Structures are given as C-alpha cells and as structure tokens.
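Structure first, then comments.
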There are 2 protein chains.
Amino acid sequence: MDYALATAPTVIPVHHASAAVAALQIGIAALRTQCSTCNLRNLCLPCGLNAKDLDHVNELIYTRKRVKAGEALYQAGTPFKSLYAVRTGFFKSYVVSEDGRDQVTGFQMAGEIIGLDGIHEDQHTLNVVALEDSEVCVIPYVRLEEVSAKVPELRRQVHRTMSREIARDHGVMLLLGSMRAEERVAAFLLNLSQRFVARGYASSEFYLRMTREDIGSYLGLKLETVSRVFSKFREDGILSVRKRQICILNPDGLKEALGHADA
Amino acid sequence: MDYALATAPTVIPVHHASAAVAALQIGIAALRTQCSTCNLRNLCLPCGLNAKDLDHVNELIYTRKRVKAGEALYQAGTPFKSLYAVRTGFFKSYVVSEDGRDQVTGFQMAGEIIGLDGIHEDQHTLNVVALEDSEVCVIPYVRLEEVSAKVPELRRQVHRTMSREIARDHGVMLLLGSMRAEERVAAFLLNLSQRFVARGYASSEFYLRMTREDIGSYLGLKLETVSRVFSKFREDGILSVRKRQICILNPDGLKEALGHADA
DNA sequence: CGACCTTTTGAACGTATTCAACCGATGTGG
DNA sequence: CCACATCGGTTGAATACGTTCAAAAGGTCG
C-alpha cells in the first residue's frame, strides 16, 4: 500500500453564524454547509439535537477541507487538532505496526466522524486516506470542548459517537476472531449495504471504493481470498460482481452465508 | 462458556465527601476509598488531574460493588447506568453474536474503566464477568455528566479514556487481522506483562486468571492452539508454564517472536 | 500504444483446526 | 473415604481452510 503522498489538502472557509460579512462574501452556497441545514445532520454529530443546540454546533465548523483521492486526511504521529465529519466521499483508516504491517481499521462515509483516535495522546495513531475525492467538515477539538461545556446534549452526543465507535470495533473483533472467509465477506457487504441505505442509496447495488487488498486487510484475509469469495458468491447467484460494481441479487442468501459456518 | 450465574453483586456504600456523618460511621478505612488517596489514581480515571479537580472526582463515587469470581458485572442488553473502575480483581468482557458465538474483547484489571460500551444505546452491548473475586467503584453516568460539566479536565479525561479504548481496539484488530498464532500469543503475554509492571508487579512472572479458551477467543485461536504455542515457547526456553503460572524467562525471545512472522 | 495496477484463477503448500485420547486437579455423592 | 464425574489443559494425527506463488486478463492513464 502506497497511498499518502500527503500533500496538504485544500482548506475551504465556511460560513460562520457570527461572521455575517464572511457569509455575504461566500453567499447562499455557504449557508448550505451549516449543520442546521445539512442533509446529513441526522447521521452526523448533531443527530438528535434540538434546534437550539444545533445552532451551537454550527459554531463548531469554521472550515471544510477537500481531500483528493489517494491523499491523506492525516497520518499517524501528526498532532491532533481536530475531528472531521465526512461530508462527501469515502475514506479508509489503517494502523501500521512497528514492523510495517498494515491493518485497515475501517471505511468512513458521509456523516461519520473521523479523528477520535487522536484524543488520548494528542496525536493521531491512525492513518486516514481518501479513496475518492472527498470533503470533510473540520471540527477543531478545542472549539468542541468550549461549546460542549455549555451544551450538555452535545456532550452526550460526543460520548455516544465514541461509544458507538467502540461497539463497532467490538463487532470487527468478532468478525476477525470467529468468522470464516465467506462469513467475513458477507458481513462486510451487508454492513456496507446498510450504511448506504441509511444514506438514501439503494441497498442492493453499490460501487466499492476500495481495492480487494483493502477489503482483505480489513477482513484479515488476502486479496486473492476476497476475490475467490466474490466469485463463489457470484456462482451461487448471491452477487453480481463486475470489478467494483456490486449487486446483491439474493440478500437472504448473503445473510445465510453470514449466519452459520456450514451453510 | 457458561459463566454468569448473574446473582446481583454486593453493593458497598462508600464515603462521600459531603456526607460527613456517613464518614464517621464508616471510619478511616472508607477514607482510603476516595480517589484522592487511592493508590490507583494515577492509572485510573483521575490520572493527571490536579488536587482540586480530584476533589470533584471524589464526588463521583458513591458506592463500590463486589463481584465474585464467575459472576457478571453486567450483561448485554441490560440498561446502562454506570461506568465502573476496577479496584481489585480481574474481568473479561465479551460479545455474543446473533448466532451464539462468543468473542472475548478484552481483559480488565485494576484502574481500568469498564462500561463505555453502554453509552451509545443506553444499554450494554458487552458482557463483563469477573475472573476472580473483584471489586469496582461505581461511577453513575448522570453524576459523571454533572460533574464533568463543571470540570473541564475531567471531560478531557473521559475523552482520553474512550479514545484510548478505541486505540486499544485497533491494536487488537491488527493482531487478529495480520498476526500468526505465535505472534498473537507473544503480543498477549507482553501486553499483560506491561500492564502488571504499570501496577507495580513483576514483569516476568504472573498468574493467568483466564482459561486457555478465554485466551483463544480473545486471540482468534482455538484453545488447543494456545496450548501448543505455550508448549513451543517452553521448549524454546522463552517461557516457563505451569498451569496458569507464567514466567517469562527470555523477554527478548518473546519480543522476537512478536517481531516478524518468520523468526 | 505501452506501462502499470487491479483482479481473477489455478495448483501446491502450510498453518491452524478438528477430533480424539489422556492427564491431573477438583468436587460430589454413595 | 473412595469412586466417579467434571473441568481445564496437553498432545497427536488427520483434515480443511486460507495462503502463497504464478500466470494471465482486463482497465486505466500517461
């Protein structure tokens, strides 16, 4: 894996509630970028907040950042300053072990929060790379601290976000620790499908942004094994696979493949 | 696995800073249970807080709870009310998949925080069982919310705790996703050793509280494989293994076994 | 068009699993 | 108190699953 040319991603100024002049300069388009009017608000950090609290969350977002496909959003070892909320695009995160092995720890899509790995040591422990041209909202951590000091519900929400990440990680451990190759791939596809549905896309047809190698790393398998499982599912009539274009022809079959080892 | 007879663990009242009368009733022993005088304070939630903030943390702890070996601290699906800080003893946490498979997600020892899995859905997603007679400090979550509202450093500390848990989980993913059996066992033992050292115990000699099956589940291996690796390390002069009594005879050898697959 | 990357597929191989037997310690009931 | 069941652990032999190595096809991009 050799992403991460790590040129500095583009920074875009964003409308701020208290910065009326800037708003006039940027115009209507910028207003759309506020959390209160963002169509991702029910998936993202502000999920579940009332209108008043939402205004406070607006104050969090100063800037957005474009990250081109293959570019790093951040790298392990760099100082932790901000969390990021994915607006558009697709990312992968991975750790690199001391002896140089990679492990993909997750794939992030619209509405998901990136950067929580950096809080505990004031520097990032993950590498995060865009798999397609992407855009994130930058949430400066000191700002988040300030605002959450006066907004209890935002505090809850941050906790929930971190707790959800922990629970997700436990799910991955279950997958890596106790599932066979076909089950892992089935779980992976069903998870992706669910997340696309939550974002208003079709449940059964989607485009994989990552390589077979990325999938394999995430699932603890070699890329050849991933490819073979895809082929097997195709032969079984469960999937249609054309390169990275996936169509789930038989969702129940896929769930069955996940269910029990000897299906 | 068939722990969790789940009788309600014993609840012990604890001295509270503002409850002087209770303090007199309980006496000196109870004073020791305050965070400010607890010998675990530098490993536990209050780690890094100054004296003033520490007083606030004292207010968090109303009660302690004894959990006997084999008993559950909590189970998946039960309502989330509190976090727990391990005072003494040893726990394992595990998820159970829909189709009934177990996956041990971690082992918790003195000073470590348990219960973060419950925040995001107001109910626990993990099962936590004591592997020996244990005692935890109960941290009511609503209390933590209140106190952290006025203590910024405590807020930071909670974030750090959760972030550290996330990073730990990534380490486990790396282990499960890319290491061979011997490496996994080596990593497991070195991790245990480190954590014992941090608590003032010997680095090279310790007693395993968990079965080979628990270790196997955690490491994504079968118990026979764990046993075989122990035997291999014994033959190589790296370990002395007598039942659950482990002695690391050659720490460098163990690190080497972790280092590269083809050692 | 050619170079490179991703993906697929086959065949041989190796690691961890499965199945089974056995040991020792612990605990129970006659 | 001893016989017997149970549980945790070790070890062996056969098996199965995923990996490794290799070749080739299809796509993309300069």
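Note that the structure is predicted; figures quoted are calculated from it, not measured. So that the names make sense, note that chain A is the first sequence line, chain B the second, and so on, each numbered from 1.
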Taking N or O atoms only and anything under 3.5 Å, show me the protein contacts with nucleotides 13-16 of chain C, one pair per line.
from	atom 1	to	atom 2	distance (Å)
dA16(C)	OP1	Ala181(B)	N	2.7

* **Strand contacts (DNA chain D) in residues 229-238 of chain B, 4.0 angstrom heavy-atom criterion** => Ser231(B), Arg234(B)
* Lys/Arg-Asp/Glu bridge criterion (N-O < 4.0 Å) met for Glu112(B), Arg199(B) -> yes
* Asked: At under 4.0 Å, does any side-chain N or O of Arg184(A) touch on OP1 or OP2 of dG18(D)?
  -> no
* Quick check: are there more than 12 heavy atoms from other residues, nucleotides or ligands sitting under 6.0 Å from CZ of Phe196(B)? -> yes
* Structure fact -> side-chain hydrogen bond (donor to acceptor under 3.5 Å, both in side chains) filter on Arg209(B), not counting sequence neighbours, yields Glu132(B)
* Asked: Is any side-chain N or O of Arg244(B) closer than 4.0 Å to OP1 or OP2 of dG8(D)?
  -> no
* Mind grabbing the angle between the end helix axes of the helix from dC1(C)-dG30(D) to dG30(C)-dC1(D)? Five pairs an end, 10° rounding. => 30°
* To do: Mind checking side-chain hydrogen bond (donor to acceptor under 3.5 Å, both in side chains) for Glu165(B) and listing every partner two or more places apart, or none if nothing turns up?
  => Arg168(B)
* Asked: Can the ring centroids of Tyr218(B) and Phe107(B) be said to lie less than 6.0 angstrom from one another?
  -> yes
N/O-N/O pairs, protein side and nucleotides 22-25 of chain D side, under 3.5 Å:
none

* To do: Only one of Ile114(A), Val136(A), Ile113(A) passes side-chain contact (heavy atoms from CB on, under 4.5 Å) with Gln108(A); say which it is.
  => Ile114(A)
